[in-house]
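Order of appearance sets the numbers: ligands from 1, and atoms from 1 within every ligand.
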Amino acid sequence: KDLAHIRNFSIVAHIDHGKSTLADRLIQATGALTEREMKEQVLDSMDIERERGITIKAQTVRLIYKARDGEEYVLNLIDTPGHVDFGYEVSRSMRAVEGSLLVVDASQGVEAQTLANVYQAIDADHEIVPVLNKIDLPAAEPDRVREQIEDVIGIDASEAVLISAKTGLGIPDVLEAIVTRLPSPKGEAAAPLKAMLVDSWYDAYLGVIVLVRVIDGVLRKGDRIRMMQTGAIYQTDRVGVFTPKMLETDVLGPGELGFLTASIKQVRDTRVGDTITSERGGCAKPLPGFKPAVPVVFCGLFPVDSADFEDLRDAIEKLALNDASFTYEMETSAALGFGFRCGFLGLLHLEVVRDRLEREYEIDLITTAPSVVYHLHMTDGSMREMHNPADMPDVVKIDRIEEPWIRATILVPDDFLGDVLKLCQERRGIQMDLTYAGSRAMVVYRLPLNEVVFDFYDRLKSVTRGYASFDYQMDGYEAGSLVKMQILVNEEPVDALSTIVHRDKAEMRGRSMCEKLKELIPQHMFKVPIQAAIGGRVIARETISALRKDVTAKCYGGDVTRKRKLLEKQKAGKKKMRQFGKVEIPQEAFINALKMD
Ligand code: GTP
């Protein structure tokens, strides 16, 4: 297809505003799939994604559309992930297309995620077509929402397309708007090959599948290609497009979006944002803005039942095949036995991986306290990275500890500004900027990542009732007054609960953890002291009182088989316990103890 007959676009929307429903309608209206193939929601098929309302892997579909001008157009829709941990992936997907449909639920109006994503689209110089969805609802207020889009986002919404993705009303107008209002891509077929690696994933039959956007030149089946960032050379064995089924076309010209396979073994051999060129006579300069994916949050994953270790290893290896930003290595813990120390892009990424391990692979896991990567500057002048507080060397050998900082941008409606500032302040934040856009404030804070990893995002959502949007970038390392805090349960240190905390916060943190653990650990036949300590010094203490005799008789009575049955039941059910010395600690305690209210 010539460039004038191509349109590449993404759909930007807040969760539940109808992105998937609209995408399905567009696929249906252009006849890309038969009714039977449509199933429910094609583009958003992973269970976890659907349940959590987030899209993790970008997916793409090519639609053939006969426009009202009588010409046939190729419309490439790229689906983008919608969460801060995947912000870099979103920004790359946005760079791969020229326009966006901004879908806003006409009964709800603009919401936090709409903003975060639309700014990414504006950053990528997109032409944006506002689409007001759900106008079939009696509560729809298209006029108010149109005005709100203009006020808050600052784009013209007078020609917003009114639709109901549910009933199909207005869908032809959306297709027509894509053709008439979005720009066609630019590119030179005669120039050396220059293509962006937008995404990649592992397929059991084909190996790694790479989603590419050709900028200049032509990508052909059989070409020898070079990844400019990694330097790796491959020969393509398949080149094609998604309809959304894979269709081999053997060539992709400038402006086109499609896939290649090249006997690439692992997803980690491909880097999102890398530039693909020809092995010989390639382009001179790679595309700007490439960033390697670096895990910033680490935690230990251990099987509740140590007999599941091999299964966990298999599951982790399989997951890593498809997720280049997830790293792992074996770890042994005195209390938890064998497990893995894993690295993630952020907390949500951690939760997604953990959920998949538990659900898809049916392994009960203990997740230890998430930790950031500290730089330990030793008295002998060397520097070590520390991924795990349990590995902290003797303090006398440490000159100083540096921790990572982030630069966070938070968009929030005026009413909640005070709460957001308070939250950032509590987390050792330093305010950098505060500006207004309509009735929304944009606050920029520098924050230690250590204060953000546990529950900052949850807290932000709860104090703003979901109206704040949050995005961050890493912003260097700085020395801090940091100490290792240990938790002792029944006088035994539990290494999985060790954390690095700021000295000024240690006491508060210690007290809160002890209080939490008191709630989370069930009563035993004896008193269980819970202590927080720095070095040898106890800074907080709680005691779980012993069970009274009569209660004991009921659950832990002399009958051994009964006790065993009970334990087995607990293992199978929600309350998964782990034995520490004489004390049983439920699985959820490890993460919940670290959440602060
Ligand atoms: P995520 O995939 O969670 O990001 O959500 P989404 O933005 O893709 O929304 P989705 O398409 O899943 O739609 C969310 C809900 O709104 C679903 O229950 C849809 O059936 C419903 N919905 C979508 N479009 C319309 C519409 O035009 N009218 C009405 N009444 N409901 C709609």
Side-chain angles (χ1 to χ4, degrees), residues 9-30 32-33 35 38-61 63 77-87 89-90 93-94 100-121 128-146 149 153 160-175 177 199 244 348-349 351-352 355-356 457 461 466-467 469-471:
F9 69 105
S10 70
I11 303 179
V12 167
H14 189 75
I15 290 168
D16 275 348
H17 282 198
K19 180 166 99 170
S20 313
T21 315
L22 173 59
D24 289 354
R25 283 287 177 189
L26 296 177
I27 293 171
Q28 202 179 25
T30 51
L33 288 179
E35 276 309 314
M38 271 311 286
K39 283 195 250 119
E40 245 217 74
Q41 291 191 337
V42 181
L43 277 187
D44 213 9
S45 53
M46 272 172 70
D47 272 1
I48 293 179
E49 290 186 5
R50 189 172 302 176
E51 253 174 56
R52 293 180 160 252
I54 51 163
T55 311
I56 296 159
K57 276 280 154 215
Q59 298 189 42
T60 305
V61 55
L63 309 168
L77 163 60
I78 188 166
D79 192 20
T80 53
H83 187 275
V84 290
D85 285 358
F86 304 95
E89 278 75 2
V90 177
S93 310
M94 293 283 190
S100 287
L101 302 179
L102 167 63
V103 175
V104 182
D105 181 333
S107 68
Q108 302 281 328
V110 174
E111 292 194 41
Q113 219 189 9
T114 320
L115 278 177
N117 289 332
V118 84
Y119 286 124
Q120 291 256 28
I128 296 169
V129 174
V131 174
L132 304 186
N133 189 29
K134 306 199 188 181
I135 57 159
D136 59 295
L137 293 177
E141 296 179 277
D143 290 335
R144 183 183 69 84
V145 173
R146 226 189 315 244
I149 292 175
I153 304 171
V161 187
L162 303 191
I163 68 161
S164 166
K166 190 172 171 186
T167 67
L169 179 82
I171 299 299
D173 300 332
V174 175
L175 287 164
D199 195 8
L348 178 100
H349 187 207
E351 282 179 30
V352 168
D355 275 15
R356 291 190 61 186
Y457 195 55
K461 274 193 296 195
Y467 278 99
S469 66
F470 168 73
D471 204 351

Derivation of the side chain to side chain contact (heavy atoms under 4.5 Å, CB included) call for Met94 and Val12
CA-CA 10 Å; Met94 293 283 190; Val12 167; 3.6 Å; yes
Using side chain to side chain contact (heavy atoms under 4.5 Å, CB included), reason through Val145 and Asp105 one step at a time and then give a plain yes or no.
CA-CA 8 Å; Val145 173; Asp105 181 333; over 6 Å; no
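Counting heavy atoms closer than 4.0 Å to ligand 1, residue Asp16 contributes atoms from both its backbone and its side chain. With a 4.0 Å cut-off on non-hydrogen atoms, Ala13 does not touch ligand 1 at all.
If you number the atoms of ligand 1 from 1 as listed, the ones under 4.0 Å from a heavy atom of Ser164 come out as 26 (C), 27 (O), 28 (N). Atoms of ligand 1 found under 4.0 Å from any heavy atom of His14 (numbered from 1 in listed order, with element): 7 (O). Using a 4.0 Å cut-off to heavy atoms of Leu137, the atoms of ligand 1 that qualify are 30 (N). Interface of Ser20 with ligand 1, defined as ligand atoms under 4.0 Å from a residue heavy atom, comprises 2 (O), 6 (P), 8 (O), 11 (O).
Nearest to atom 15 (C) of ligand 1 by heavy-atom distance, out of Lys166, Lys134, His17, is Lys134.
His17 places no side-chain N or O within donor-acceptor distance of the main-chain N or O of Val104, the cut-off being under 3.5 Å.
Ile163 pairs in a side-chain contact (heavy atoms from CB on, under 4.5 Å) with only one of the listed residues (Ile135, Val174, Leu169), which is Val174.
The shortest side-chain heavy-atom distance between Leu132 and Ile149 falls under the 4.5 Å cut-off.
Checked against a 3.5 angstrom limit, the closest N/O atoms of Ala165 and ligand 1 fall inside it.
Separation of atoms CG (Leu77) and CG (Leu63) is listed at 6.5 Å; rounding is to 0.5 Å.
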